[in-house]
Amino acid sequence: QSRLVESGGGSVHPGGSLRLSCTASFTLDYHNIGWFRQVPGKGREGVSCINTYEGDTYSADSVKGRFTISIDKAKNTAYLQMDRLTPEDTAVYYCAVDPEGYHESQYSCNHVSAIDFWGQGTQVTVSS
């Protein structure tokens, strides 16, 4: 059974950092992987995505320059390094896989319908 297992969420003060990890039970070759987040009452927002074949990345304007997505193909693991966190970053973060590797990373992040696999979600809370 295909699975995505996330880790790394938690609580930090504004300005702090966290790193999320997502390990897949399948190869990530020719897939797009990324992170979405969701707050109560709103839909899931694409945060950062990466095309594992082309290597192109996309980050939403709200996190550009603060969040960095990367991948270790040998470990089938993606990472989201989150720096200079603000209270507005508080959300449940979900790892997500779009199996269509021909999609650009921005497409995967902007189309929830493109996602076939979801992680269980991890809470990130930023407060003073």
Side-chain angles (χ1 to χ4, degrees):
Q1 183 178 0
S2 299
R3 295 177 61 207
L4 298 174
V5 179
E6 303 177 37
S7 62
S11 297
V12 293
H13 294 306
S17 297
L18 283 173
R19 189 175 82 154
L20 306 183
S21 299
C22 174
T23 299
S25 62
F26 50 92
T27 179
L28 292 174
D29 285 344
Y30 308 112
H31 288 41
N32 290 0
I33 187 167
W35 299 88
F36 287 66
R37 66 186 181 187
Q38 188 171 26
V39 298
K42 291 193 174 183
R44 292 186 183 183
E45 169 197 21
V47 176
S48 291
C49 292
I50 184 168
N51 178 300
T52 65
Y53 182 69
E54 298 286 346
D56 78 288
T57 61
Y58 166 82
S59 289
D61 287 344
S62 57
V63 305
K64 199 169 292 184
R66 300 187 298 119
F67 290 12
T68 303
I69 189 170
S70 61
I71 185 169
D72 184 334
K73 287 186 182 180
K75 296 181 179 179
N76 291 326
T77 298
Y79 305 94
L80 185 67
Q81 178 66 40
M82 305 185 294
D83 297 319
R84 304 201 306 277
L85 285 160
T86 73
E88 288 69 37
D89 296 316
T90 296
V92 177
Y93 284 70
Y94 295 90
C95 178
V97 168
D98 171 3
E100 303 296 348
Y102 62 86
H103 288 158
E104 293 183 355
S105 56
Q106 182 174 357
Y107 181 91
S108 300
C109 258
N110 288 342
H111 293 82
V112 173
S113 59
I115 305 302
D116 270 8
F117 303 100
W118 294 96
Q120 79 276 16
T122 186
Q123 177 70 46
V124 171
T125 302
V126 185
S127 68
S128 54

Original post:
Going by side-chain heavy atoms closer than 4.5 Å, which hydrophobic residues are tied to I115, directly or by a chain of links?
Top reply: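 I115 clusters with F36, V92, Y94, V112, W118.
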**OP:** Considering only Ile, Leu, Val, Met, Phe, Trp and Tyr, and joining two whenever side-chain heavy atoms are under 4.5 Å apart, list the other residues clustered with F26.
**Re:**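 Hydrophobic cluster check, F26: joined to L4, V12, L18, L20, L28, I33, W35, V47, I50, V63, F67, I69, I71, L80, M82, L85, Y93, V97, F117, V124, V126.
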Original post:
Mind checking whether H111 and Y107 have parallel, tilted or perpendicular rings, split at 30° and 60°?
Top reply: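 The arrangement is parallel - the two ring planes meet at less than 30°.
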Can you list everything that forms a side chain to side chain contact (heavy atoms under 4.5 Å, CB included) with [X]? Sequence neighbours excluded, please.
| X | value |
| --- | --- |
| S7 | S21 |
| S11 | T125 |
| S25 | S2, R3 |

Subject >> Under 3.5 Å side-chain donor-acceptor pair for H103 and D98 >> reply: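 A pair is found: one side chain offers a donor N or O, the other an acceptor, under 3.5 Å apart.
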Can you list everything that forms a salt bridge (charged side-chain N to carboxylate O under 4.0 Å, His left out) with [X]? Sequence neighbours excluded, please.
| X | value |
| --- | --- |
| R84 | none |
| E6 | none |
| D29 | none |

Between [Y] and [X], is there a side-chain heavy-atom distance shorter than 4.5 Å?
| X | Y | result |
| --- | --- | --- |
| R19 | S70 | no |
| P14 | P87 | yes |
| S17 | Q81 | yes |

Original post:
If every non-hydrogen atom of A114 is compared with every non-hydrogen atom of P99, which pair is closest and at what distance?
Top reply: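 The pair with the smallest heavy-atom distance is O-CD, 3.8 Å.
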Original post:
What is the minimum heavy-atom distance between S108 and C49, and which atoms define it?
Top reply: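 Taking every non-hydrogen atom into account, C-SG, 4.1 Å.
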Subject >> T52 (side chain) donor-acceptor with H31 (main chain) under 3.5 angstrom >> reply: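 Yes; at least one donor-acceptor contact below 3.5 Å.
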Original post:
Taking the side chain from Q38 and the backbone from K42, do they hold a donor-acceptor pair closer than 3.5 Å?
Top reply: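 The answer is yes, because a donor-acceptor pair under 3.5 Å joins these two groups.
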Subject >> Listed partners of T23 passing side-chain hydrogen bond (donor to acceptor under 3.5 Å, both in side chains), at least two apart >> reply: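 In terms of side-chain hydrogen bond (donor to acceptor under 3.5 Å, both in side chains), with neighbours along the sequence ignored, T23 is linked to T77.
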**OP:** Could you pull out all residues at least two apart from E100 that satisfy side-chain hydrogen bond (donor to acceptor under 3.5 Å, both in side chains)?
**Re:**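 Listed in chain order: nothing, the list is empty.
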**OP:** Please check if atom CD in Q120 has more than 12 non-hydrogen atoms from other residues, nucleotides or ligands closer than 6.0 Å.
**Re:**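 Yes.
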Original post:
Any salt bridge (Lys or Arg N to Asp or Glu O under 4.0 Å) pairs touching residues 48-61, not counting sequence neighbours?
Top reply: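 Every pair satisfying salt bridge (Lys or Arg N to Asp or Glu O under 4.0 Å) with a residue in residues 48-61: D61-K64.
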Original post:
What residue pairs, at least two apart or across chains, pass salt bridge (Lys or Arg N to Asp or Glu O under 4.0 Å) with a residue in residues 66-83?
Top reply: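 Output for this query lists R66-D89.
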Subject >> From CD (Q123) to CZ (R37), nearest 0.5 Å >> reply: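 So the CD of Q123 and the CZ of R37 are separated by 12.0 Å.
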